There are 2 protein chains.
Amino acid sequence: MKNLVDILELGGSAGPPTERMLQILTEACRLFATRGFDGVSVRDIAQECGISKATLYHHFPDKDAILRPLVMGITRSLHQRVLGAIRPEADPAEKLRAFMMESARFFEEYRWAFIVSSTVFWTDPQARQRRQRIEWRDRHEALLRGILEEGIRSGAFRIADIGMAGRLVLGALNWMPKWYDPKGPLPASAIAEQFCGMLLAGLEATPGAAAL
Amino acid sequence: MKNLVDILELGGSAGPPTERMLQILTEACRLFATRGFDGVSVRDIAQECGISKATLYHHFPDKDAILRPLVMGITRSLHQRVLGAIRPEADPAEKLRAFMMESARFFEEYRWAFIVSSTVFWTDPQARQRRQRIEWRDRHEALLRGILEEGIRSGAFRIADIGMAGRLVLGALNWMPKWYDPKGPLPASAIAEQFCGMLLAGLEATPGAAAL
DNA sequence: ATGGCCCGACCGATCGGTCGGTCAGTCGAG
DNA sequence: CTCGACTGACCGACCGATCGGTCGGGCCAT
C-alpha cells in the first residue's frame, strides 16, 4: 500500500502526522480491514506497532480518532483522484472507462483503507462526520451520473434509468474488494477495464454475430 | 421477511425449532444485519425477545449457534432456489435473467438473513462449517458459469473471460443490499431485471443508433 | 530540568457464558 | 381425586476475561 499520508484527513488544526502516528494508522487500517472495527482492540493495534496501549493513547485521543481520518480521507481522495483522471474533452465511453479504471487503481493502491471505508461507511452508527462523508459520496455519484447523462445526450449511450446504470457500475467496482487477490495475474485496473468493456458492449452477441 | 423456518439449517439431529427459538433467530438476524455480529450482544438479543439472557442460553448453547443456522441456511437455500427457477430448456439469456431475478427475489424475501450471510461470509475467522458454506457457494458460481458457457457455445453471448463476467453479474447482485430500499418504488426483482437487460445489451448505443 | 515519548498498572463497564433456583404444567401411583 | 416426582421454560445474580480509556512516573535528548 502506498503511503497513507497522501490521503489522510487529519483534524483541521493539526500539523502533519508524525512517523509514529502514521505507523499506527497504517497498522490499524490493515487490522480494521481484515477483522472489522469492533473486531480489533486497541491492544491489538498497539501490539502490532510494538508499543504499549498507553503510548497509543498518547498519539490519539480515542479509538475513533484512528478510524476517522482513514474513512474521511478515502472518501474524499477517491473522488478527487477519479475526478482528476477524467479528461473533460474525452467522449463519454472514454470517461466511463477512466472513471472505472482510476477507481480500481485507487483501490489497489490503498486497498486496506478502501476496504475499511467501504465497510464502515454503511454500518457506522456515528452520525459524526457522516454528513461530510455523504457529501463526498454524493459528489462522486454525481460525477458518474454526469458521465452517463452526457453519453445519453450525445447518443453514445442507450440507458433507460441512469440511477440503475450508475448502481450497476458502482456495484461492480465496490464488490471487487471481496474477491480481488493482489497476488493474482491481473492488476485491478485491468479488471476494471474488462468490466467497462463488458458493460459498454454487453454480454449478448450482436444479432448479426448470433447468426454464426 | 418470510418465515425463517423455511431456510434454516439446524443441527442434523435436532427436531424442528420451537416458536421461541424461531423468535430468537429472527430478532438476532435483524440485529446482526444492521449492527454486525460483534456489534450485537447476547443481552441485546434477549432484550429484543423480551426474555432474559439466561433463557436465551437455555435454547442455544452459545452465540455462534444463533449465527450458524442463518448463514448456512441462506447459502444453501439461495442456490437451491435459483437452481429451481431456471428452466433447463430456456435459452442462455433467459437463464441468466432467471438467475438474477430469482436471486433478487430471494434477497427481498430474506433480506436480513441475506445481509448477515453476505457480510459474515467474508469476515468469519471460524473455519468451522466454512468448508460446507464454500461448497454451496462454489456450486452457485458454477451454475452461473454454466449459463455463461452455454451462451458462448450457442453463440448467444460474446464473452472474453467467463470468470470476469460472472463476477460482474454477482457484483451487481451482491451490492444491492447496500443501497436497496424495501420501501422504494421498485421491487428487487424489477431492479435485477433492469440490471440483466443492461448487462446483456450493454450501455453503449449500437453503432447505427450512435449516428443519430 | 524540562518536555516529548513511552510504559506498567489500573479503572469501570461490558462482554460471553454459568450458576442455583423458581414456577407452572404433566403424569403415574396410591 | 390427590399427591409427589419430574420436566422444560424461565430468571436474577454472578463469573473471569476483555473492552476502551486513564494515571503517575521513568527515560532521554535538548
Side-chain angles (χ1 to χ4, degrees), chain A residues 5 10-11 13-32 34-71 116 120 123-129, chain B residues 5 10-11 13-32 34-71 116 120 123-129:
Chain A
V5 74
L10 276 305
S13 59
T18 65
E19 202 62 37
R20 184 64 90 189
M21 289 172 72
L22 214 52
Q23 179 196 18
I24 293 172
L25 286 164
T26 305
E27 298 296 338
C29 184
R30 186 174 48 81
L31 291 174
F32 288 159
T34 51
R35 295 171 13 208
F37 183 72
D38 289 335
V40 177
S41 73
V42 178
R43 285 168 180 82
D44 294 334
I45 303 172
Q47 187 177 355
E48 208 71 10
C49 295
I51 59 175
S52 75
K53 185 163 62 77
T55 298
L56 192 149
Y57 273 97
H58 173 73
H59 296 279
F60 291 91
D62 51 44
K63 193 183 178 187
D64 280 328
I66 307 175
L67 176 67
R68 227 176 300 131
L70 293 170
V71 176
V116 169
V120 164
T123 60
D124 183 19
Q126 295 274 15
R128 214 185 315 176
Q129 276 215 327
Chain B
V5 75
L10 274 306
S13 59
T18 64
E19 202 62 36
R20 184 63 89 188
M21 289 172 71
L22 213 53
Q23 178 198 17
I24 293 172
L25 285 164
T26 306
E27 298 296 338
C29 183
R30 187 174 47 82
L31 291 174
F32 288 159
T34 52
R35 292 164 25 200
F37 183 70
D38 289 334
V40 177
S41 72
V42 178
R43 285 167 179 82
D44 294 333
I45 303 171
Q47 187 178 355
E48 207 72 9
C49 295
I51 60 176
S52 74
K53 186 162 62 78
T55 299
L56 193 150
Y57 274 97
H58 173 74
H59 295 281
F60 291 90
D62 51 43
K63 194 183 177 188
D64 279 329
I66 307 175
L67 176 67
R68 227 175 300 131
L70 294 170
V71 176
V116 169
V120 164
T123 60
D124 183 20
Q126 295 274 14
R128 214 186 315 177
Q129 275 214 327

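Treat the numbers as computed from the prediction; the structure is a model and nothing was measured. We name chains A, B, ... by the order of the sequence lines, and we start the count at 1 in each one.
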For this session: Would you mind building the protein contact string for nucleotides 9-27 of chain C? One character per nucleotide, 5' to 3', B for base within reach (heavy atoms under 4.0 Å), S for sugar-phosphate only, - for untouched.
Result: ------BBBBB--------
Show the nearest heavy-atom pair for residues [X] and [Y], with the distance to one decimal.
X: Y57(A); Y: D62(A); answer: CE2-CA, 3.7 Å
X: V40(A); Y: L31(A); answer: CG2-O, 3.4 Å
X: L56(B); Y: A46(B); answer: CD1-N, 3.8 Å
X: C49(B); Y: R20(B); answer: O-NH1, 3.8 Å

So, OP1 or OP2 of [N]: does either fall under 4.0 Å of a side-chain N or O from [X]?
X: T55(B); N: dC10(D); result: no
X: R20(A); N: dC6(C); result: yes
X: H58(B); N: dA9(D); result: yes

Seminar exercise, completed: Taken to the nearest 0.5 Å, the spacing of F60(B) CZ from R68(B) CZ works out to 10.5 Å
Starting at [atom1] of [X] and ending at [atom2] of [N], how long is that distance when rounded to a whole Å?
X: Q47(B); N: dC10(D); atom1: CD; atom2: C1'; answer: 17 Å
X: Q23(A); N: dC5(C); atom1: CD; atom2: P; answer: 14 Å
X: L56(B); N: dG8(D); atom1: CG; atom2: C1'; answer: 16 Å

For this session: Using salt bridge (charged side-chain N to carboxylate O under 4.0 Å, His left out) as the criterion, list what pairs up with D44(A), not counting sequence neighbours.
Result: R35(A)
